[in-house]
Every structure is written in structure tokens, then in C-alpha cells.
Number of protein chains: 2
Amino acid sequence: MSEDERAVARERVIESMEQSAEVYGLSRSAGRIYGVLYFFEEPLSIPELVDETGYAKSTISNVTRTLTRVGLIRRRSSKGGGRRVQYTAEREVWFILQDVFQQYVQREIQTTLRTIQRAQAQLPDDSEPEAERIEELRDTYEDLQEILSLVSEFTAAELRDALESYDR
Amino acid sequence: MSEDERAVARERVIESMEQSAEVYGLSRSAGRIYGVLYFFEEPLSIPELVDETGYAKSTISNVTRTLTRVGLIRRRSSKGGGRRVQYTAEREVWFILQDVFQQYVQREIQTTLRTIQRAQAQLPDDSEPEAERIEELRDTYEDLQEILSLVSEFTAAELRDALESYDR
DNA sequence: CAGTTTATTCGGCTTACTCCGAACAAACAA
DNA sequence: TTGTTTGTTCGGAGTAAGCCGAATAAACTG
């Protein structure tokens with residue numbers, strides 16, 4: 001009974017991860033591969049992931065690359081057992097989120113902010129309504145940038161605490 | 001010179017919005033339509049948006065629907081001037097973000113959390129390592145849920161202040 | 001060395017998305 | 001009523017993405 005039940009529970013959670021992956025702009029296969037790695041104690045090689053997931057070798061190769069780039073899994077080249085590369089899941093979800101925010105959202109905000117600033121600099125102060133609109137945008141984006149850079153230094157528990165204890 | 005310069009500045013910012021739209025999973029057209037509405041004082045009808053953007057009527061119709069659903073623009077039926085529906089941009093970016101988090105991210109987290117809880121309930125306590133893994137997941141997701149629901153009550157300035165003044 | 005195992009790259013198939021134009025529907029104007 | 005304006009829906013063309021299998025490359029084993 002034990003192994004069976006565990007497999008069912010695992011499968012449910014992994015399916016949920018597939019779905020989440022789609023919501024956040026990754027492929028279903030990425031969700032599954034991450035999920036399988038999430039539950040495995042030991043690092044897995046590509047052939048092992050092929051066995052576990054049923055995906056083609058090439059798919060595993062491509063998806064592991066993007067998962068590594070995004071920071072969801074880690075690659076370790078273990079020359080040891082003859083197998084060459086192995087992957088483990090980054091299980092600290094909070095770290096993953098911080099990474100994503102830092103890598104993508106912050107970056108996105110920064111380039112937008114630069115565009116806004118350039119547009120603003122080149123625009124006479126009195127040109128309504130554009131000047132006002134752009135000014136508003138800049139303020140918001142500067143707030144966002146500051147918030148994100150602050151959040152990147154918090155743990156989840158700290159952030160929660162900071163919000164709960166804040167008195168307006 | 002004035003109108004010309006303003007048009008250039010507007011165009012730059014709108015192009016940047018097109019790009020952001022893509023990053024966040026919307027189409028380029030969605031970014032442009034939002035951008036055009038963002039800078040216009042008065043609400044615009046679909047034919048006017050066709051003129052301003054160059055997109056086909058059907059495209060405007062479809063994209064405005066999704067933009068409305070997401071909360072980026074608002075639809076008002078003005079029976080007044082013969083034109084039937086008109087759109088305005090929601091310019092408070094912070095509200096938009098809160099909306100998105102509430103509608104999509106919170107929802108996503110909630111369904112995931114439910115799945116995790118079900119899997120956990122149905123799993124004997126001593127079934128390592130699954131039980132531990134699922135327990136970790138649940139904790140993180142509960143933190144996330146709490147953080148998001150707290151953030152939804154903050155303004156951007158308040159959030160910034162809360163983070164800046166928090167002392168560990 | 002040849003043979004085996006592993007990882008990446010390439011071309012192709014299928015599916016999904018974006019956008020368009022045409023057809024249709026609904027409200028108004030004469 | 002007929003004609004006009006506006007909005008939605010539908011089918012299709014072009015394009016991008018996911019995944020596969022085969023070919024290739026690179027490292028180890030005998």
C-alpha cells in the first residue's frame with residue numbers, strides 16, 4: 001500500500017506543478033521534470049529523467065537547460081559514476097521567486113524606466129498631457145523598483161512579519 | 001515642434017508597453033492598445049482605436065475584451081453619441097498589479113495549496129520522503145498566500161515604507 | 001583501437017496563438 | 001422600411017512553441 005499511495009500523492013502534486021508551470025510561462029514538461037526532481041532524494045541524470053517522465057531525450061536536454069537558466073534546478077557534473085551531468089531541484093521556492101524577480105521582473109522594470117526617463121528628458125515640461133502621464137508612470141516604476149530591490153533582501157518569513165507588523 | 005515631439009515621446013513609451021505586454025504573457029497588440037488609451041484624455045471607441053493603432057476591427061474587439069477581463073482597461077457603454085462602447089485605460093499601475101495578483105497568482109496558489117493539502121491528508125505521516133517534501137511545500141505556499149493577501153491591502157508607498165522601516 | 005553510454009543539435013510534425021478580412025448581428029437614422 | 005454605423009464571431013494565413021526521432025559529438029570502457 002505504502003509505495004502505491006506515495007506514488008499517487010506524488011503524481012497529484014507533480015500534475016499541479018505542470019499546471020503552475022504553464023501559468024508562469026513555462027512548458028508542461030518543465031513542470032513535470034521539476035516535479036520529479038523535487039521528490040527525488042538523489043540527483044538524476046538525463047537518461048533517468050527519460051525513464052521517469054517518458055519524454056524524449058532531446059526534450060529533457062532542452063528543458064533542463066531552460067530550467068537551469070531560470071534557477072529552478074541545478075546542474076552538477078559528476079564524473080564519478082560514468083554518468084556525466086546530473087540535476088537536482090532547487091527546493092527553496094522563496095529563493096526561486098527572488099531569483100525570477102531579480103532576473104526578469106527587475107530587469108524589465110529597469111529597461112522600461114530608462115525608456116520613460118529618456119522620453120521625459122526629451123519632452124518640454126509644459127507639453128500636456130503627455131508630460132503628466134509620463135511623470136506618473138515614472139513615479140510608479142521607481143516605487144516598484146525600490147520595492148523589488150528591498151524584497152530581494154528579505155526571507156519569506158521576514159517579509160510576512162514586516163507586513164503584519166506595519167502600522168499605518 | 002510640440003506635437004511632433006510629443007508624438008515621438010508617446011510612441012517610445014507605447015513601444016515599451018508593447019514589449020512589456022509580451023513579457024507578461026499578453027500580445028503586442030494588447031500593449032499598443034493599452035498604450036494608446038493610456039495617453040488619450042477621452043475614452044475611445046473601437047473605430048477610433050482602429051484609426052489610432054492600424055489594427056483590424058476584429059483584433060481590437062478581441063483584445064479589448066481580454067484587456068477588460070484582466071483589468072487593464074475599462075469599458076463604458078455611452079449610448080450618448082451614437083457610439084456604443086468606449087474604453088479608458090486604468091492608469092493606476094499599482095491597482096492593476098494588485099488585481100493581477102489577486103485574480104491570477106492568488107488563485108493559482110490557492111488551487112495548488114488545496115492539491116497539496118489533499119495529497120498530504122491522504123498520505124501516512126511516516127512515508128518518507130514524500131511527507132516531508134509535501135510538508136515543506138505547504139509551509140511555503142501558506143507563507144506566500146499570507147504575504148499576497150497582506151500586500152493586497154497596501155498602497156505602493158505603504159509597502160515601500162513598511163519594507164524600508166522594518167528592522168530585523 | 002572499436003564499442004558503449006551520454007548530451008546536444010537539427011529537421012520535421014503538430015498544436016496554439018496572433019492577426020486579418022469577411023460575414024453576421026444589432027442599434028440607430030432616414 | 002432601407003441604409004449606415006458599430007461590435008462580435010468565424011475561418012484562414014502566417015508564425016512561434018513543444019515535442020519527437022535521428023544524426024552528431026563527446027566522453028568513458030573494454
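Treat the numbers as computed from the prediction; the structure is a model and nothing was measured. Every chain is numbered from 1 and lettered A, B, ... according to where its sequence line falls, protein lines coming before strand lines.
The separation between B:Leu67 atom CG and C:dC19 atom P is 11 Å, rounded to whole Å. The separation between A:Leu44 atom CG and C:dT6 atom C1' is 15 Å, rounded to whole Å. In this structure, A:Leu49 atom CG and C:dT6 atom C1' are separated by 13 Å, rounded to whole Å. Taking atom CD on A:Gln86 and atom P on C:dT5, their separation rounds to 17 Å, with Å as the unit. Atom C1' of nucleotide D:dG7 and atom CD of B:Glu48 are separated by 14 Å, given to the nearest angstrom. At whole-Å resolution of the value, CD in B:Glu22 and P in C:dC17 are 15 Å apart. For A:Ile60 and D:dG21, the CD1 to C1' distance is 14 Å, given to the nearest whole Å. B:Ile33 has its CD1 atom 12 Å from the P atom of C:dT18, to the nearest Å.
The side chain of A:Ile46 lies closest to C:dT8 when the candidates are C:dT8, C:dG21, D:dC19. Comparing atom distances between the A:Arg84 side chain and each of D:dT8, D:dG21, D:dA27 picks out D:dA27 as nearest.
Atom CG of B:Leu163 is separated from atom OG of A:Ser152 by 10.0 Å, given to the nearest 0.5 angstrom. One distance of note links CD of B:Gln110 with OG of B:Ser149; it measures 10.0 Å at 0.5 Å rounding. Annotation: the span from B:Glu52 atom CD to B:Ile14 atom CD1 amounts to 8.5 Å, rounded to 0.5 Å. Rounding to the nearest 0.5 angstrom, the gap separating the CG atom in B:Asp139 from the CD atom in B:Glu136 is 8.0 Å.
Ring pair B:Phe154/A:Tyr166: centre-to-centre distance below 6.0 Å.
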Nucleotide-resolved protein contact map, nucleotides 9-18 of chain D, B/S/- at heavy-atom distance under 4.0 Å: B--------S
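Cation-pi check for B:Arg91 over B:Tyr38 is met; the charged atom lies under 6.0 angstrom from the ring centroid and within 45 degrees of its normal.
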